[in-house]
Amino acid sequence: MKIAFSSSGDDVHSPLDPRFGRAPKFLVYDLETDRYEVVDNRRSLDAAQGAGIQSAETVARSGAGSVVTGHCGPNAFRALSGAGIKVYHTDAPTVAAALDLYRSGKLLEARSEDVRGHWA
Amino acid sequence: MILAVASGKGGTGKTTVAVNLARVVGSPILLVDCDVEEPNAHLFLEGEFGEEEVVGIPIPEVDKSLCDGCGECGRFCEYRAIVSFGEAPLVFPELCHGCGGCALVCPKRAIREVERRIGVVRTMRAGPVTLIQGVLDVGSPMAPPLIRAVKTSLRNGEPAILDAPPGTSCPVVAAVRDADSVLLVAEPTPFGLHDLALAVEMMRETGVPLGVVINRCGIGDDRVHAFCAREGIPVLLEIPDDRRIAEAYSRGRLIVDALPEYRRLFEVLAEKTLRSVREGVGE
Ligand code: SF4
Ligand code: SF4
């Protein structure tokens, strides 16, 4: 299973970006092989609107089945749910810390978006 | 003739200028409130709203039985308002601009268009002034299509004063397009100058002749005057910084009614803008 983390950098020690829709990158971690790849999300950063939906498309294309991020707006949440992708929120500081929490089962699956509007 | 009243920022007295101007014209005139996110011209008029017309835009509705999940619709939509993850697409109505493109590109003809309400256009008669006002539904970001709906009232060539939204974004362009001239209202402060300069830059691209109204003259410096002189933009009216004006405003009264000594100023402005429309302001 692959998990996408919203990330501000290129490795697992990078800060976890708190905004799903405006995250510059996604670090897509494969739990089976313990390898990861980094996918660029710059197109969403430039989007005038629908950045969260664009990000959801990026994640769906990466093959990830779950997303771990800080916040995820309503449109992004709907798009991710539509794509069958689970969402986990955390305020862990880095991707590695978020990954640990995920592995130890400490993250709860989000049932709805947690921020409204423009942000995510 | 259509005269648009605009400003680089809210709170400069744009609506005040538009409504007072309409008031002194005396003959039948349309006052068109295009500030659809915060319409307030009606607060200064005595009248009741009559007709109200609901305005919507066409948004897609997907027939799942026809859709094969090809994703063409989502690839077309630049607003991310429709997106498919290999199945029937999701629609995000509040992001849709109603362009109709997704329905056109769908190879399965699975998309039909349904109306989604974005706001209303309402009308008030107050003596010779007819106010046409657009009111955007709360939360709808679709100001430009509503502004276009408001402006259909301009088709019959009646003289009109148009209260544009503040700022320098798409809705402003939608409002001032097709105006014969634009009055920019600014305050004589460093911030006022900054906003005015941005507005002038944007308006120049539309090619519409410009004039400036300086509101609250006396509170700042003369850099707005100097800017206008340098740019060759006529200053058509200077409204002094008079506490009584603010008081009249807070009671919903017009300057020209509450303070008759200012009536002449607005009459002169009306004459200048009517005349300068024929001759071309700033040319
Ligand atoms: S009508 Fe235009 S804006 Fe709306 S979903 Fe279709 S392509 Fe996108
Ligand atoms: S273009 Fe038509 S057939 Fe293809 S996903 Fe969209 S609605 Fe379905």
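Residue numbers start from 1 in every chain, and the chains themselves are labelled A, B, ... in the order their sequence lines are given, proteins ahead of strands.
B:Glu94 has its side chain out of reach of A:Gln49: every pair of non-hydrogen atoms, C-beta onward, lies at least 4.5 Å apart.
A 6.0 Å sphere centred on CG of A:Asp34 holds more than 12 heavy atoms belonging to other residues, nucleotides or ligands. Counting non-hydrogen atoms of neighbouring residues, nucleotides and ligands closer than 6.0 angstrom, the CZ atom of B:Phe191 reaches no more than 12 such neighbours. Other residues, nucleotides and ligands place no more than 12 heavy atoms under 6.0 Å from the CZ atom of A:Arg43. No more than 12 heavy atoms of other residues, nucleotides or ligands lie within 6.0 Å of CZ in B:Arg109, so this atom counts as exposed by the packing criterion. Atom CD of B:Glu201 has 12 or fewer neighbouring heavy atoms from other residues, nucleotides or ligands inside a 6.0 Å radius.
With respect to A:Ile53, the side chain to side chain contact (heavy atoms under 4.5 Å, CB included) criterion is satisfied by exactly one of B:Ile82, B:Val83, B:Leu90: B:Val83.
For chain B, the option among A:Gly82, A:Ala56, A:Ala79, A:Gly84 with the highest count of heavy-atom pairs below 4.5 Å is A:Ala79.
A:Arg78 and B:Pro93 get closest at one heavy-atom pair: NH1-CD, 4.3 Å.
Looking at A:Arg61, neither its backbone nor its side chain comes within 4.5 Å of chain B, counting heavy atoms on both sides.
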